[in-house]
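Here is the structure we will look at.
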Amino acid sequence: MKQDLQHIFEQAIEQLKTEGTIAADQSVKLIFDRTKQKEHGDFATNVALMLAKAAKMNPRELAQKIVDALPESALIQKVDIAGPGFINMFVADDAKFAVIDSVKQASENYGIAGKNSKNHRILLEFVSANPTGPLHVGHGRGAAYGDALGRLLKAAGYDVQKEYYVNDAGRQMDILATSVWLRYLQAADVGINFPENCYQGDYVADMGAVQFKKFGDKHVVTITDIDAVTVDKEPDAALDAIIALAKSTLGETIYEDFFQLALQEILDDIRTDLAGFSVDYDEWFSERSLFQSIGSAESNINQVVEAIDKLKATDYLYQEKGAWWFKSTEFGDEKDRVVLRDNGAPTYFASDIAYHLNKFNRGFDTCIDIWGADHHGYVPRVKAALQALNEDPERLKVLLVQFAILYRNGEKVPMSTRSGEFVKLAELREEVGNDAARFYYVQRKPEQHMDFDLDLAKSQSNDNPVYYVQYAHARICRVFSTAQERGITVDETIDYSQLTSETEETLLTALAKFPEVVQAAAKAFEPHQITYYLRDLANALHSYYNACKFLDSEAELRNQRMALLRATQQVLNNGLTLIGVSAPQKM
RNA sequence: GCGCCUGUAGCUCAGCUGGAUAGAGUACUUGGCUUCGAACCAAGUGGUCGGGGGUUCGAAUCCCUCCGGGCGCACCA
């Protein structure tokens, strides 16, 4: 509806341009919005105020000219000029009623644009937590936001693919595999001290026990062996030595067994956790696959090598102190970055360049990365690398999600995976429920710092606005089931002329807004707009519910009101689905 | 020190590309169930939009500056 009305105004402006009232080359930014106050009608525009100066006219005078130039339309009841020159427009009743039939017709697709109607492919990557431990509440935010954004973009007509980048290569994974081995040693009664910079979580010890059951003490070393390699070393260097010891003791095959056990177990855990949170992916992309040989098995060429070679072919890579550096400063980064270390090993940055090249080569128009805000310093270098490789960095959009700072008993809870001291997403889901957790996360816009008070989340879970919205849906369901119990038949109608009370008008307006909200929220990457919309819609429903009796009214009025309820039920459902929250029949 | 995010009601937060008296929830004070679910509705109290400048018909919104929080500044991932 908004678009149709806006179009009418655009026609009027064009008309004035041909008449010469407005200069033909004048650029017009037509701002056309719903009003905040009823007296101002349904929609308003300030276009006369904006153009007055250029047209050398009094704003009200110009507004009058625009109004006079408006073509006839059945949608418009009347148009006012108010204040300094606002044009207020009142929508005709019949046009307002039309939304009921629109919803009925489109049902679960109301407000949802046609599949891939934007003809634009988007790759959306989110969470991508290292598979070194279970997801914690910090990841939960990225999960809820990313998934809701994916649904939202799809609803807005984009072709969206959701992807999880599995960081299964690199040192962290070696530390994890080694941690399991050390726990295995403990299970075998080798009285070692478990290093602080290894993964502390219980799940590691469990896996160590599993390996002991499987291998017995076949892959055991003594304390002296470990002391021999770690003596006089800083913790990090000592850890590297232990990793090397693990690899040489276990041999390639058995080490891989430890590695895969840890990886698969944790990844499975992450997968079920996310699936339980209604977060689903189209693709789980393995970082290791970037290191797999291309062509013959013995080939030294892989996607990471390829990417580096491409960079070497430009002028943006140079060698210094044994390492290869990328001149990201040429593209505005703070300093140059290493892609190949002096020992020849590629950095994480190197595989990330390869990964993004891979994404681009898969033919997406836009690649969206959702990262934790602590990675923000990383954005310029990735964009720089893409630019150096002659790709358009604008195709990559990095959305930063601020950290959720966790409080328990008023104390800040640290959230490092390494220390094992964190609150799992699974625990949160268990305690407050999926719907409440998702709503709570999505409600806040991503760049807002979030204080997550666990006690509050628990104690206030009953006050979570999600229930307010779900209750509205359940209430409607109850009205219909009660009608059925009482043997009241609800007939289809196309006449809604009796729906003229204030609460009905508010509800009709709210329903009509939904498609606009979906588009606006998608455009801004802001699923939180949906949650606020849903609260408003639920409020309109609850007010209506308290103001009217549905089943006791006479048949014709009842049919009309029930049609409005049906439409509201549908839109509540559609909105909740967008943020991955259920719409219960009863609560 | 530099960079990114942030500062709106007691608390948690909205406020779209500048627009008409700054909005919700919560808390607090009232009123509303013999009725389709009161997990609800209605009304009220509560704000120098962090401070100060500037831009203009008009600023919470844009620019400058200062102050206060969070995060980041590795041959880690």
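Reckoned from all heavy atoms, side chains included, excluding hydrogens, waters and symmetry mates. Proteins get letters first, then strands, A, B, ... in listed order; numbering begins at 1 in each. None of the values given here were measured: they were computed from a predicted structure.
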Counting Watson-Crick and G-U wobble pairs only, both distances under 3.5 Å, name the nucleotide matched with [N], or none.
N      : result
B:rG44 : B:rC28
B:rC49 : none
B:rG3  : B:rC71
B:rG58 : none
B:rC33 : none

Would you measure the distance from the [atom1] atom in [N] across to the matching atom in [M] and give it in whole Å?
N      : M      : atom1 : value
B:rA9  : B:rU61 : P     : 15 Å
B:rG15 : B:rG50 : P     : 14 Å
B:rG7  : B:rC16 : P     : 12 Å
B:rU30 : B:rC11 : C1'   : 22 Å
B:rA59 : B:rG53 : C1'   : 14 Å
B:rC40 : B:rU26 : P     : 7 Å
B:rA60 : B:rA20 : P     : 10 Å
B:rG46 : B:rG52 : C1'   : 26 Å

Should the pair [X] and [Y] be classed as cation-pi, given the thresholds of under 6.0 Å to the six-membered ring centre and 45° from the axis?
X        : Y        : result
A:Arg475 : A:Tyr545 : yes
A:Arg381 : A:Phe326 : no
A:Arg535 : A:Tyr468 : yes
A:Arg34  : A:Phe32  : no

Does the [N] base have a donor-acceptor partner in the side chain of [X] within less than 3.5 Å?
X        : N      : answer
A:His542 : B:rC41 : no
A:Asn88  : B:rA20 : yes
A:His376 : B:rG3  : yes
A:Asn46  : B:rG19 : yes

Pi stacking test for A:Tyr471 and B:rG37: under 5.5 Å apart, planes under 30°: no
Among [options], which nucleotide sits nearest the side chain of [X]?
X        : options                : answer
A:Arg475 : B:rA20, B:rG37, B:rG7  : B:rG37
A:Thr482 : B:rG37, B:rC75, B:rG19 : B:rG37
A:Tyr532 : B:rA42, B:rC36, B:rA14 : B:rA14

Where A:Leu400 and A:Gly372 come nearest, the two heavy atoms and their spacing: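 Smallest heavy-atom distance, with atoms named: CD2-O, 4.0 Å.
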Exercise: identify the closest heavy-atom pair between A:Ala148 and A:Val442: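 It is CB-CG2, 4.2 Å.
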5′-ward residue of the pair A:Gln443/A:Ala538 relative to RNA chain B: A:Gln443
Touch class at under 4.0 angstrom, heavy-atom based, for A:Asn539 against every strand present: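 Touches sugar-phosphate only.
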Sugar-phosphate only, base, or nothing, as touched by A:Arg478 at under 4.0 Å among non-hydrogen atoms: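 Since a base atom lies under 4.0 Å of A:Arg478, the category is base.
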Distance in angstrom units between A:His528 NE2 and B:rG23 P, rounded: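 About 18 Å, once rounded to whole Å.
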A:Lys36 vs B:rA20: side-chain N/O to OP1/OP2 distance below 4.0 Å: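 For B:rA20, OP1/OP2 do have a side-chain N/O of A:Lys36 under 4.0 Å.
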